[in-house]
Amino acid sequence: MFSRLDGYSVIVTGASKGIGKGIARVLGSAGASVLITGRHERDLQACAAELAESGVPVATYVGDVASREDCADMAAAAVEAFGAIDVLCANAGVFPEAPLADMRPDQLDEVLAVNFKGTVFATQAVLPELQKSGRGRIIVTSSITGPMTGFPGWCHYGASKAAQLGFMRTAAMELAKQSITINAVLPGNVYTEGLEEMGEEYLDGMRSSIPLGELGAVEDIGYAALFLATPQARYITGTTIVVDGGQTIPESADALAAI
Ligand code: NAP
């Protein structure tokens, strides 16, 4: 039986909507107090109101994970609200399209700054508190895109998601002596506000490439994060959980058509 997270203090970055909101909802339902972050106050407050309505102790921090200073302030805000930090879900990410031939340096910089550096800065900011916690966990939202698959137009994004895994593996070694674990969840295509913006044609194409026949729900990622946060996952570090409806399995279009 998996334990609840009563008494845990959790930070979820990029949780005003999408997967982060789903993670916050699932971990909050399991008893955790949750500090949610994002850059836009209004979205964040709307999400906080929903969580509070369902009984989750919630706090907010408005800031940019690409800023080391903001990440330090975020950690301080969590300590002020809940007295500790036990779990960081480093989830904030962006995925603007930029075909390789035309990709500008500023587009590359933005994606690496938010997705990769944001993961590093958020992790650095919570380390002192995770050390005190004795049950410190870092759960990174990576992607199948980059670590396992490719998609034209998202070279920079794929590189940022693969970079998170390179970071995670060495961080797992550096943090092991303090009993802090770090793992990554690799979502396939999950129905979120961000993905909705890609348009119906993209979404239909994705649905037809998934053996389980539908896009993931944000809670599907939340439950994987919840497992990694529980005491029962204490011996798991430096590794990945793929949550993709089987999307990375088919070895050809024929294989998919045959099911
Ligand atoms: P989303 O719906 O666009 O939500 C992104 C969240 O991150 C929002 O709360 C956004 O709020 C926040 N955010 C963006 N940039 C930020 C920054 N610089 N600092 C702080 N917060 C920031 O995206 P999503 O689909 O849920 O994606 C969440 C994570 O899952 C990302 O890391 C993404 O790469 C990964 N992922 C998603 C999918 C998918 O199918 N949806 C698949 C694989 C991986 P603000 O805009 O207000 O800052």
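Note that ligands are numbered from 1 as they come in the structure, with each ligand's atoms numbered from 1 the same way. Position 1 is the first residue of the sequence, and the numbers go up from there.
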task: With rounding to the nearest 0.5 Å, note down the distance linking CD in Gln131 to CD1 in Ile180.
output: 5.0 Å
- prompt: Near Asn189, which atoms of ligand 1 are under 4.0 Å from a heavy atom of that residue?
  reply: 40 (O)
message: Checking a contact table here: which protein heavy atom is nearest atom 4 (O) of ligand 1, and how many Å away?
response: Lys17 CG, 3.7 Å
task: Identify which one of Gln124, Gln164, Lys161 satisfies the side chain to side chain donor-acceptor pair (under 3.5 Å) criterion when paired with Thr119.
output: Gln164
- prompt: Quick one: nearest non-hydrogen protein atom to atom 3 (O) of ligand 1, plus distance?
  reply: Gly194 CA, 3.6 Å
task: Say whether, by atom type as modelled, one donor and one acceptor occur between the side chain of Thr37 and the main chain of Gly14 under 3.5 angstrom.
output: yes
- prompt: Where on Lys161 is there a heavy atom closer than 4.0 Å to ligand 1, on the side chain, on the backbone, on both, or on neither?
  reply: side chain
query: Are Asn115 and Ser160 close enough that a side-chain donor and a side-chain acceptor fall under 3.5 Å?
result: yes
task: Using modelled atom types only, decide if a donor and an acceptor are shared between the side chain of Arg137 and the backbone of Leu228 within a distance under 3.5 Å.
output: yes
task: For atom 35 (C) of ligand 1, state which one of Thr13, Val190, Thr141 supplies the nearest heavy atom.
output: Thr141
- prompt: Can a non-hydrogen atom of Ser142 be found less than 4.0 Å from any atom of ligand 1?
  reply: yes
task: Name the option, out of Gly63, Gly188, Cys71, that contains the heavy atom nearest to atom 42 (C) of ligand 1.
output: Gly188
- request: Could you see which bit of Tyr191 sits under 4.0 Å from ligand 1, with heavy atoms only: side chain, backbone, both or neither?
  value: neither
Criterion side-chain contact (heavy atoms from CB on, under 4.5 Å) against Leu215, the qualifying member of Ile210, Val190, Asp220: Ile210
message: Within the structure, is a non-hydrogen atom of Ala15 found at a distance of less than 4.0 Å from ligand 1?
response: yes
query: Looking at Gly18, which atoms of ligand 1 are within less than 4.0 Å of one of its heavy atoms?
result: 2 (O), 26 (O)
query: Heavy-atom distance to atom 11 (O) of ligand 1: which of Gly14, Gly146, Ser16 wins?
result: Ser16
task: Run the numbers for me: atoms of ligand 1, each under 4.0 Å from some heavy atom of His40, listed by number.
output: 45 (P), 46 (O), 47 (O)
query: Counting heavy atoms only, which part of Val65 comes closer than 4.0 Å to ligand 1: side chain, backbone, both or neither?
result: both
field: Thr192, portion touching ligand 1 at heavy-atom distance under 4.0 Å
entry: side chain
field: Nearest neighbour in protein (non-hydrogen) for atom 43 (C) of ligand 1
entry: Ser143 OG, 3.3 Å
task: Assess whether ring-ring contact (aromatic ring centres under 6.0 Å, His included) is satisfied between Tyr202 and Phe151, documenting all intermediate values.
output: CA-CA 12 Å; Tyr202 174 89; Phe151 201 101; 5.6 Å; yes
query: Is there a donor-acceptor pair under 3.5 Å between the side chain of Ser133 and the backbone N or O of Glu129?
result: no
query: Do Thr60 side-chain atoms and Gln45 backbone N/O form a donor-acceptor pair below 3.5 Å?
result: no
field: Numbered atoms of ligand 1 (with element) below 4.0 Å of Gly38, judged on heavy atoms
entry: 21 (N), 48 (O)
Smallest separation among heavy atoms of Asn183 and Ile236, with atom names: ND2-O, 2.8 Å
field: Cluster link Met168 to Val126, ILVMFWY, side chain under 4.5 Å
entry: yes
statement: heavy-atom search around atom 37 (C) of ligand 1 in the protein gives Ile19 CD1, 3.4 Å
message: I'd like to know if Arg104 and Glu110 make a salt bridge, using a cut-off of under 4.0 Å between side-chain N and carboxylate O.
response: no
message: Can you name the atoms of ligand 1, numbered from 1 with element, that are less than 4.0 Å from a heavy atom of Phe95?
response: 23 (O), 25 (O), 27 (O)
message: Give me the nearest non-hydrogen protein atom to atom 5 (C) of ligand 1 as residue plus atom name, then the distance to 0.1 Å.
response: Gly93 O, 4.0 Å
- request: Check the surroundings of atom CZ in Arg68: do more than 12 heavy atoms from other residues, nucleotides or ligands lie under 6.0 Å from it?
  value: no
message: Could you tell me if the side chain of Thr248 sits less than 4.5 Å from the side chain of Leu186, heavy atoms only?
response: no
- request: Would you mind checking which non-hydrogen protein atom is closest to atom 16 (C) of ligand 1, with the distance to 0.1 Å?
  value: Arg39 NE, 3.4 Å
- prompt: Taking only heavy atoms of Asp64, which atoms of ligand 1 are found under 4.0 Å from at least one of them?
  reply: 17 (C), 18 (N), 19 (N)
query: Looking only at heavy atoms, is any part of Val94 under 4.0 Å from ligand 1, and if so is it the side chain, the backbone, or both, or is it neither?
result: side chain
- request: Give a yes/no on ligand 1: does Gly22 have at least one heavy atom closer than 4.0 angstrom to it?
  value: no
For atom 34 (O) of ligand 1, closest protein heavy-atom neighbour: Tyr157 OH, 2.5 Å
Proximity of Asn91 to ligand 1 by residue part, where a heavy atom lies under 4.0 Å: both
message: Donor-acceptor check, side chain of Gln232 to backbone of Ser3, threshold 3.5 angstrom: yes or no?
response: yes
